[in-house]
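Reckoned from all heavy atoms, side chains included, excluding hydrogens, waters and symmetry mates. In what follows, every chain begins at residue 1, and chains take the letters A, B, ... in the order their sequences are listed. All figures in this text were calculated on a predicted structure; none of them were measured in a lab.
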Protein chains: 2
Amino acid sequence: MVLSRTSQYAVQALIYIATQPAGEPVLNRDIAERLNVPAAYLAKILQSLCKQGLLDSFRGRLGGFCLRDGMQKTSLMQVLLLTEGPDFTKSCILGLKECSDHSACPMHFKWVPVKKKIIAMLQEMNLEELAKAVRTGKYRLADLPAAALPA
Amino acid sequence: MVLSRTSQYAVQALIYIATQPAGEPVLNRDIAERLNVPAAYLAKILQSLCKQGLLDSFRGRLGGFCLRDGMQKTSLMQVLLLTEGPDFTKSCILGLKECSDHSACPMHFKWVPVKKKIIAMLQEMNLEELAKAVRTGKYRLADLPAAALPA
DNA sequence: TATAATTCGGACAAAAAACTCTTTAGGAGT
DNA sequence: ACTCCTAAAGAGTTTTTTGTCCGAATTATA
């Protein structure tokens, strides 16, 4: 019931970045502090998301990470396809290499409709919306009291 | 989308054991061959399931593993609670230690109903039923052609 | 131009998960 | 009693995931 830690950090960080004023780069260090996750590891994850086109990065003073233009509405599904790999939704729950309607594992026909629900849920949540809900104070992004929010 | 390999092996093995005549111990070696899974590793998993009360084991000639009496109807939920641990269903999808209706992560209220579907699915599937469906040839347990079945 | 602040890249380390090997112990058949 | 077949147990190995460290490249500003 479970995403890899890498995916969890990625989603948390992306939502956090989306809560911040667009165009102003956010420091890796600040994200890491705010989310209470290892900074050096988070940096790797963010760098990878840059290469994959979700984020822009800027070096030097006033540097940091921003959502790339037009990526505000990226769905969690798209994010997880990047962090978990393109087979994220494709694999058999019991690990069979071949498992389809035609030749199925014993869980297949119960699992497929549930998996569809999961996919639908992930597709209907996007960074902008989630960030908005976090900004209103409705939700917590980390195991810490909601941080003071920018005016 | 996603069980640990350990859980996958456990479920596959338990269903396989349930397909075999009750009371006749099944050899670890045979299960491993049938499922195409590392035998020594599978043995550890089965030993653990013994300690946890799901299986009985017998040493020496005519030894092997059987479902413990009365465990035929064990649900996949019960199995996964053993293999994935008791927090299997309890943890936050974003990894927050505290995440509840009262103080939620941004995915919480979308995730909870989906999680309920998953849990319901896992609770309504039990070893006996699954084994029966496999015995009829309806489903495959491994990436191999369905094995010849005992008369 | 110098400096401080940042990301980038690669190597490294630690921890967890997956898997193996070897030895011991127990039970069945002869 | 002896032998063979099995699981049990524990240590060890390999692979993957998670996490650290450090030096180099880049940029704003004084």
Considering only side-chain heavy atoms of [X], which listed nucleotide, [options], is closest?
X: B:Arg59; options: D:dA7, C:dC19, D:dT20; value: D:dA7
X: A:Tyr41; options: D:dT20, C:dG26, D:dA25; value: D:dT20
X: A:Lys51; options: C:dA18, C:dG9, D:dT20; value: C:dG9
X: A:Arg61; options: C:dC8, D:dG19, C:dA4; value: C:dA4

- Go through A:Val112 and A:His108 one step at a time and tell me if the side-chain contact (heavy atoms from CB on, under 4.5 Å) criterion holds. CA-CA 6 Å; A:Val112 165; A:His108 183 78; 3.5 Å; yes
Using whole Å, report how far [atom1] of [X] lies from [atom2] of [N].
X: B:Asn28; N: C:dC19; atom1: CG; atom2: C1'; answer: 13 Å
X: B:Asp30; N: D:dT6; atom1: CG; atom2: C1'; answer: 12 Å
X: A:Glu24; N: C:dT6; atom1: CD; atom2: P; answer: 14 Å
X: A:Ile45; N: C:dG9; atom1: CD1; atom2: P; answer: 16 Å
X: A:Ile31; N: C:dT6; atom1: CD1; atom2: C1'; answer: 13 Å
X: A:Arg5; N: C:dA16; atom1: CZ; atom2: P; answer: 8 Å
X: B:Leu49; N: D:dA8; atom1: CG; atom2: P; answer: 11 Å
X: B:Leu3; N: C:dA18; atom1: CG; atom2: C1'; answer: 16 Å

Return yes if a side-chain donor-acceptor contact under 3.5 Å exists between [X] and [Y], otherwise no.
X: A:Glu84; Y: A:Ser7; answer: yes
X: B:Thr6; Y: B:Tyr41; answer: yes
X: B:Ser4; Y: B:Gln8; answer: no

- Message: Students often get this wrong, so: under 4.0 angstrom with heavy atoms, is A:Leu27 touching a base, only sugar-phosphate, or nothing?
- Response: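 The answer is sugar-phosphate, as A:Leu27 gets under 4.0 Å only of primed atoms, P, OP1 or OP2.
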- Message: In the structure I gave you, are the side-chain heavy atoms of B:Leu35 and B:Tyr9 within less than 4.5 Å of one another anywhere?
- Response: no
- Item | The single option from A:Thr83, A:Leu14, A:Ile17 passing side-chain contact (heavy atoms from CB on, under 4.5 Å) against A:Leu54 |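 Looking at A:Thr83, A:Leu14, A:Ile17, the match for A:Leu54 under the side-chain contact (heavy atoms from CB on, under 4.5 Å) is A:Leu14.
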Does a side-chain N or O from [X] land closer than 4.0 Å to OP1 or OP2 of [N], or not?
X: B:Ser4; N: C:dA17; value: no
X: B:Arg29; N: D:dT6; value: yes
X: B:Gln47; N: D:dA8; value: yes
X: A:Ser57; N: C:dT6; value: no

- Message: Counting only heavy atoms and a strict 4.0 angstrom limit, can you tell me which residues of residues 64-72 of chain B come near DNA chain D?
- Response: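 B:Gly64, B:Phe65, in order of number.
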- Task: Taking only Lys NZ, Arg NE, NH1 and NH2, and the carboxylate oxygens of Asp or Glu, determine whether A:Arg140 and B:Glu98 approach each other closer than 4.0 Å.
- Result: no
- Query: Is it true that A:Glu124 and B:Lys110 make a salt bridge, defined as a side-chain N closer than 4.0 Å to a carboxylate O?
  - Reply: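 Salt bridge between A:Glu124 and B:Lys110, a charged N being under 4.0 Å from a carboxylate O: yes.
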- A:Leu62 or A:Lys44, whichever maps to the more 5' nucleotide of DNA chain D: A:Lys44
